[in-house]
Amino acid sequence: MRINLILSGGAARGIAHLGVLKALEELGYSVKALSGSSAGAIVAVFYASGYTPEDMLRLVKETRWFSLFQPRIPRSGLFSLRRAETYLRELISAERIEDLGKKVYICATDLLSGQALYFGKGDLVPVLLGSCALPGIFEPVRYEDHVLIDGGIVNNLPIEPFERYRTPKVGVDVNPLERIENPGSIVSILVRSFFLAVRSNTDKRRDMCDLVITPDLIRYSPLDVKKADDIYRIGYEETIRVMSGRSLARGSPRKPCRRDPPEKPPSGRR
């Protein structure tokens, strides 16, 4: 069965998306198109580029992530994304979003207008980096007439590109809200503050999905990259539990709908 998949941001918790994809494949689901913010956008792009969930998990475990973020004199962010840009260009052959093997929408926030933008075409790497640019931590990305920052600020579960279509919409929310005892370092405080802020914009969009998979990641920090195997396993097991034996009927859209491809992003952007 074909589905459209919506992947939330969540930093290291986004590794659970890889386990979700692996389980969906084993259960016979075919992902027609993907939409994502931040970590969810990264997974969507790599998957649409032909990487398997196992390929992506290996990259997560082999990559020295902090080496990709170059410290800079604070002006618009603590870290530059230039090394990350080089890394992405080495791993992804497509130069434009529309050249990917599957349809992908990347959600980023325009700092100038305050709006969520859904890019289904355009220069891939700058838009992807913009979708991941946590404000205060990474410098914003200038693209065309926009200044892009993390898409999760305005929309951490970007279902809007698929809202008008009948293909079942499956959301994956990897950003649970939990109580902590110690806020930690300045980076940890910034990251937690960000995810507290985006929680509310996710809740209302869960109801717009036909089904939402929510891996139990409450005990994992958004910075727990070293626990990649555990996070992957939790995403896989939760998807098997939720999806096994389930029949997803083609959704009854909330707005007048079309028959499927070509799917276009909602009015407002690209």
TODO: Can you sort out the partners of Arg142 under salt bridge (charged side-chain N to carboxylate O under 4.0 Å, His left out), two or more places apart, ordered by chain and number?
DONE: none
Task: Side-chain donor or acceptor of Glu98 paired with backbone N/O of Gly122 under 3.5 Å - done: yes
Task: Lys227 atom NZ: more than 12 heavy-atom contacts under 6.0 Å - done: no
- [ ] Could you tell me whether a side-chain N or O of Ser131 sits under 3.5 Å from a main-chain N or O of Val127, the two making a donor and an acceptor?
- [x] no
TODO: Measure the CG-NZ distance between Leu27 and Lys22 for me, rounded to the nearest 0.5 Å.
DONE: 11.0 Å
TODO: Can you see which heavy atom on Gly171 is nearest to which on Leu157, and at what distance?
DONE: CA-CD1, 4.5 Å
Open item on the list: On a heavy-atom basis, which atom in Pro140 and which in Val147 lie closest, and how many Å separate them?
Closed with: CB-CG1, 3.5 Å
Open item on the list: Contact between Val172 and Ile6 at the side-chain level, heavy atoms closer than 4.5 Å - yes or no?
Closed with: no
- [ ] Evaluate the side-chain proximity of Glu62 to Leu57: yes if any heavy-atom separation is below 4.5 Å, no if none is.
- [x] no
Open item on the list: Go through it in stages, so that I can follow the logic: the residues are Thr86 and Arg82, the test is side chain to side chain contact (heavy atoms under 4.5 Å, CB included), and I'd like the CA-CA distance, side-chain angles, deciding distance and then a yes or no.
Closed with: CA-CA 7 Å; Thr86 300; Arg82 291 182 180 178; 5.9 Å; no
- [ ] Give, for atom CG of Leu117 and atom CG of Leu148, the distance between the pair rounded to the nearest 0.5 Å.
- [x] 6.5 Å
Open item on the list: Testing the basics here: between Lys103 and Gly120, what is the closest heavy-atom pair and its distance to 0.1 Å?
Closed with: NZ-O, 3.1 Å
Open item on the list: Using side-chain heavy atoms (C-beta onward) and a distance below 4.5 Å, is Lys32 in contact with Ile3?
Closed with: no
TODO: Taking all heavy atoms of Asp224 and all of Ala12, pick out the closest pair and write down the distance.
DONE: N-CB, 3.6 Å
Task: Stepwise side chain to side chain contact (heavy atoms under 4.5 Å, CB included) test for Ile213 and Met243 - done: CA-CA 9 Å; Ile213 299 168; Met243 302 296 285; 4.2 Å; yes
Task: Stepwise salt bridge (Lys or Arg N to Asp or Glu O under 4.0 Å) test for Arg233 and Glu237 - done: CA-CA 6 Å; Arg233 174 183 52 78; Glu237 291 177 349; 3.3 Å; yes
Open item on the list: Is any side-chain heavy atom of Ser35 closer than 4.5 Å to one of Leu7?
Closed with: no
TODO: Could you walk me through whether Phe46 and Leu59 pass the side chain to side chain contact (heavy atoms under 4.5 Å, CB included) test, one step at a time?
DONE: CA-CA 11 Å; Phe46 272 79; Leu59 280 175; 3.9 Å; yes
Task: Leu88 and Leu129, any side-chain heavy atoms less than 4.5 Å apart - done: yes
TODO: Report yes if the side chains of Val170 and Cys209 come closer than 4.5 Å at any heavy-atom pair, otherwise no.
DONE: no
Open item on the list: Using a 3.5 Å distance criterion without hydrogens, assess whether the side chain of Ser8 forms a donor-acceptor pair with backbone atoms of Val174.
Closed with: yes
Open item on the list: Once rounded to the nearest 0.5 Å, what's the spacing between atom CG of Leu21 and atom OH of Tyr232?
Closed with: 9.0 Å
Task: pair Val154-Gln115: side-chain heavy atoms closer than 4.5 Å - done: no
Open item on the list: Apply side-chain hydrogen bond (donor to acceptor under 3.5 Å, both in side chains) to residues Asp150 and Ser38 and explain how you reach the verdict.
Closed with: CA-CA 6 Å; Asp150 198 294; Ser38 198; 2.9 Å; yes
Task: Polar contact flag, side-chain donor to acceptor under 3.5 angstrom, Ser113-Asp110 - done: yes
- [ ] Salt-bridge test for Glu54 and Arg58: reply yes if a basic N is under 4.0 Å from a carboxylate O, no otherwise.
- [x] no
Task: Nearest-0.5 Å distance, CD1 of residue Ile231 to CZ of residue Arg13 - done: 8.5 Å
Task: Non-hydrogen side-chain atoms of His17 and Met56 separated by less than 4.5 Å - done: no
Open item on the list: Can you give me the closest heavy-atom contact between Cys107 and Ala116, atom names plus distance?
Closed with: SG-CB, 4.2 Å
Task: Exam field: side chain Arg2 to backbone Val31, donor-acceptor pair closer than 3.5 Å - done: no
Open item on the list: Check whether Asp207 reaches the backbone of Lys204 with its side chain - one donor and one acceptor, N or O, closer than 3.5 Å.
Closed with: no
Task: Lys121 to Phe119, cation-pi by 6.0 Å centre distance and 45° axis angle - done: no
Open item on the list: For a quick test of reading the model, state the closest non-hydrogen atom pair linking Leu81 to Ala133 and the distance between them.
Closed with: CD1-CB, 4.2 Å
Task: side chain to side chain contact (heavy atoms under 4.5 Å, CB included) evaluation trace for Arg96 with Leu124 - done: CA-CA 5 Å; Arg96 297 185 61 81; Leu124 174 58; 5.7 Å; no
Open item on the list: Is a donor from one side chain sitting under 3.5 angstrom from an acceptor on the other, for Glu26 and Tyr236?
Closed with: yes
TODO: First locate atom CG of Asp99, then atom CD1 of Ile92, and finally report the distance between them rounded to the nearest 0.5 Å.
DONE: 12.0 Å
Task: Under 3.5 Å: donor-acceptor pair, side chain of Ser37, backbone of Asn155 - done: yes
Task: Glu238/Arg241 salt bridge by N-O under 4.0 Å criterion - done: yes
Task: Glu25 atom CD, neighbour heavy-atom count above 12 within 6.0 Å - done: yes
Open item on the list: Ignoring hydrogens and geometry beyond distance, is a side-chain donor-acceptor pair present between Thr52 and Tyr47 at under 3.5 Å?
Closed with: no
- [ ] Answer with yes or no whether the hydrophobic clustering places Val43 together with Val212; edges join I, L, V, M, F, W, Y residues whose side-chain heavy atoms lie under 4.5 Å apart.
- [x] no
TODO: Ignoring hydrogens and angles, tell me if any N or O in the side chain of Tyr105 forms a donor-acceptor pair with the backbone of Glu160 under 3.5 Å.
DONE: no
Task: Main-chain N/O of Leu5 paired with Lys169 side-chain donor or acceptor, under 3.5 Å - done: no
TODO: For Asn201 and Gly152, indicate whether the former's side chain and the latter's backbone hold a donor-acceptor pair under 3.5 Å.
DONE: yes
TODO: Using a strict cut-off of less than 4.0 Å between a Lys/Arg side-chain nitrogen and an Asp/Glu carboxylate oxygen, indicate whether Asp229 and Lys61 qualify as a salt bridge.
DONE: yes
Open item on the list: Distance check, rounded to the nearest 0.5 Å: Phe162 atom CZ versus Leu34 atom CG?
Closed with: 6.5 Å
TODO: Before accepting this row, confirm whether a basic side-chain N of the pair Arg89/Glu95 lies closer than 4.0 Å to the acidic partner's carboxylate O.
DONE: no
- [ ] Start with the C-alpha distance between Thr214 and Arg206, add both sets of side-chain angles, then the distance that settles side-chain hydrogen bond (donor to acceptor under 3.5 Å, both in side chains), and finish with yes or no.
- [x] CA-CA 10 Å; Thr214 310; Arg206 290 171 60 95; 3.1 Å; yes
